[in-house]
Visitor: 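Sharing a structure, written as structure tokens. Questions coming.
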Amino acid sequence: KLQKGTCSMAARKRAAKKAQEVELSEDEEIFNADLGEHELREESSAPGPANSDLEDSEEEIDSEADLESDSDDQMVDDEEEDEDEDEDEEQEGDAGEESDEQYGTGKESVRSVSSLSGASASVSAPATSSKTNEIVVDLSDPETDDDEIHSRNTLGRIPRQWYDEHDHMGYDLDGRKIAKGKPKKDKLDKFLDRMDNPNASRTVVDPETGEEIVLTDDMVELVQRIQSNQFPREGDGYEEYIPFFTAIPQITPLGPDYEPKRRFVPSKWEHEKIMKIVRAIRHGRISLDKPQKKSEDEAYDIWGSVGEEETSKSMLARRNAHIAAPKSAPPTHAESYNPPAEYLLTEAELKKWKNTEPRYRKRDFVPQKYTSLRLVPQYQELVKERFNRCMDLYLCPRTRKIKMNVDPESLLPKLPSPRDLQPFPTKMGVVYQGHTGKILSLSVDPSGQFLCTAAEDKTLRFWEILTGRCLKKMDFAQPVLAAAWSPSAAVDVVAVAVGDTLVLLTPRLRSKLATEASEQLLQAREADPTKKSVVPWSQGTAADKEAGILCRLRHAKEIKQITWHYKGSYIATVTEEHGAETVCIHALQKQLTQCPFKKGARDVQRVLFHPSQPIFFVASKTHVKVYNLQSQTLLKTLQTGCKWVSSMAVHPGGDNLLIGSYDRRLCWFDLDFSSKPYRILRFHKLALRQVAFHSRYPLFASCSDDLSTHVFHGMVYNDLMQNALIVPVKILKGHTARDGLGVLDCIWHPQQPWLFTAGADHAARLYV
């Protein structure tokens, strides 16, 4: 009936229980026998022991079969009696399980220990009658950690024996079957394994992975200690007792009472009170819209207006206009009662502090050092400082300013890239060396082939621009202060300032026609008796004519500047201050000199001709005056804002003016816009020496004593409504300082975007 499944559930439980008890008793005998003989056992391949063990195993199998048949007959006969006792046993079993869980001596724990000792008992499968050397952990145990289970298998909390009849064990995340690692051994295989393997008695099988694990000596000793009702480890099994509650009074005693539950649960009494108020509000017994009664003692604003509306407006205005007082500065280390040593004053510093007036002192007190805060005396100036603080808040006017959250980068103008503004000079091309003194002036002939340099070594040199070869050298008795080539391409005339003499010469480097035209222009003429020249004109001697000197004009003072009219027919000179003769204009065709200012201009630094109109610019130290030579009137006065003007240049269009000063300023004037600078550039660190516009390209440059030459892109548009575009594009360096001076002069090539510079290091350089 048991095999056919016709017996009752109680009979099945009883048969499984008895089969398990028989199995446990046999496994304990095998474990005890193997534990005593595994050290003395030799190789298991001997024929005698193997045959005897095989016969014993056959006898054990026969006895087990007989035992099973007897147990089946007995269970069938006693079926009716057991059905009456099932309910009592189940009640007793529930009570026993509760006691086991309370004291830790449940059946499952005892079975796990017995399985470790026997190394062959099955705990989690009470309905299985097969004998296997494996320890099975009951997955239904609530003390088993879920993370530990999931790290070993994917079965979950189900018995493993459910998969005994299948070729897989569980499923993976994709729903595929997980194949079993190793096939389960039958009784014969296990018997042969015990004979061959000397560690078979201490080998167990992991039910989760199917691997065989050999118990170490420590594990076997642990099992034996548990079976003998000892602690798993040697030593006292109880933790050290901590006397929380003692008879000795403590400063912070630990109360024996636990926190009551009512402290963690919402109060019912408060809930009833709140609901009572809510019901009163619903029924109208409590009104929330009642006007509050005004107090009899009302405060009266004596500073407010009489009317209620005016009073409210004044109060609102006063409230909105209120500005909080600025906070006092936090105390420093010097105000500490124990300041560091570096904050204490020495005797000399203390004497200096006392002799200084109170308003000029950095601190109003003398830092002192005390060993403790109790020794610090009362501060004598406390009342005075509080009074001064109140006076500052009372007398100091405060205004409210609205700060704008603006990105600073958005305020900067969007300038084009320097690559889009080419061409402009970027590197050094040629160096002109040969002078032994500072080069003071540069000039380029209109054809752009030759360069003229004037220096303090009393020489004037002419160079070939492309090769850097010196073509001609002229010596003078005094230092050559300035040199300027005539802008007219028909003549070949150079004006040179040697001390107080203006020398007009021809270098004879260009064509023969230009040389002849120059000699014919400056040949001797009969003087007009009706007109008297301010500066005498004298023709050169025979030796001078052989050297190329055509004419000499001797002034009363030393010449500072030479500038040509754009047609090449007039020359303007500026000398040291000498009344009306400070500024002179020389007419070459008439060989006549006149002074445009009868009374004389004061502090004249530079003069310039307009490139296309009869306009004359005169720059003093702080102003620039614009005159019309034809009508002999003053057009306007430009306010430079500089302390000392050093140089001046006019744009080829004639509507813009560039001013350089010794106070490191570069001013751009728009003559049609205003008398004040349109832009003021402060890029140089030292005094500016020269500024220059290019005649063809939208470029201008400035040189300074800081050994740098700045190149700018200056585009002037024909549209009068559009401002000029000024962009710095390059900084050129190469000169060295001598006697505190750097780059003294700069000039552009008339046709190419090339820049020439002259320095105090006795050399001139070309940047291309």
Side-chain angles (χ1 to χ4, degrees), residues 86-110 112 124 137-151 156-158 231-232 236-304 308-309 311-328 330-331 373-374:
D86 288 339
E87 297 179 359
D88 299 335
E89 290 178 359
E90 290 177 0
Q91 295 177 359
E92 292 176 1
D94 295 338
E97 290 177 358
E98 293 178 358
S99 62
D100 293 340
E101 292 178 358
Q102 181 176 0
Y103 296 97
T105 59
K107 295 180 181 180
E108 293 178 358
S109 61
V110 175
S112 61
S124 64
V137 179
D138 188 4
L139 298 178
S140 62
D141 187 3
E143 297 181 357
T144 306
D145 191 4
D146 291 339
D147 297 337
E148 183 180 359
I149 294 173
H150 292 304
S151 64
R157 292 183 177 274
I158 61 174
F231 289 107
D236 190 3
Y238 299 100
E239 296 182 357
E240 183 180 356
Y241 175 72
I242 300 175
F244 290 101
F245 308 101
T246 61
I248 302 174
Q250 302 293 330
I251 299 176
T252 57
L254 182 63
D257 298 334
Y258 295 99
E259 291 290 336
K261 184 180 179 181
R262 62 176 178 273
R263 297 186 182 177
F264 305 95
V265 179
S267 176
K268 295 182 179 180
W269 299 103
E270 293 181 358
H271 178 70
E272 291 180 0
K273 290 181 180 179
I274 293 173
M275 291 306 299
K276 184 177 180 181
I277 297 173
V278 170
R279 294 190 194 97
I281 294 173
R282 289 177 181 176
H283 294 298
R285 295 193 298 271
I286 298 177
S287 178
L288 302 178
D289 299 332
K290 287 184 179 180
Q292 298 180 358
K293 295 182 179 180
K294 295 183 179 180
S295 59
E296 296 180 357
D297 300 335
E298 263 190 47
Y300 181 73
D301 187 7
I302 61 175
W303 302 106
E308 294 183 358
E309 296 181 358
T311 304
S312 61
K313 291 181 180 179
S314 62
M315 291 178 64
L316 291 175
R318 188 185 305 172
R319 188 182 307 158
N320 296 333
H322 173 70
I323 301 176
K327 296 182 179 180
S328 302
L373 190 60
R374 293 177 296 175

Visitor: Excluding sequence neighbours, so at least two apart, what forms side chain to side chain contact (heavy atoms under 4.5 Å, CB included) with Ile281?
Guide: Ile277, Ile286

Visitor: side-chain hydrogen bond (donor to acceptor under 3.5 Å, both in side chains) with Arg263: which residues, sequence neighbours excluded?
Guide: Glu259

Visitor: Return each pair, listed once, that meets salt bridge (Lys or Arg N to Asp or Glu O under 4.0 Å) where at least one residue sits in residues 267-279; pairs must be two or more places apart or across chains.
Guide: none

Visitor: Tell me, please, which residues at least two apart from Pro331 pass side chain to side chain contact (heavy atoms under 4.5 Å, CB included).
Guide: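 Glu335.
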
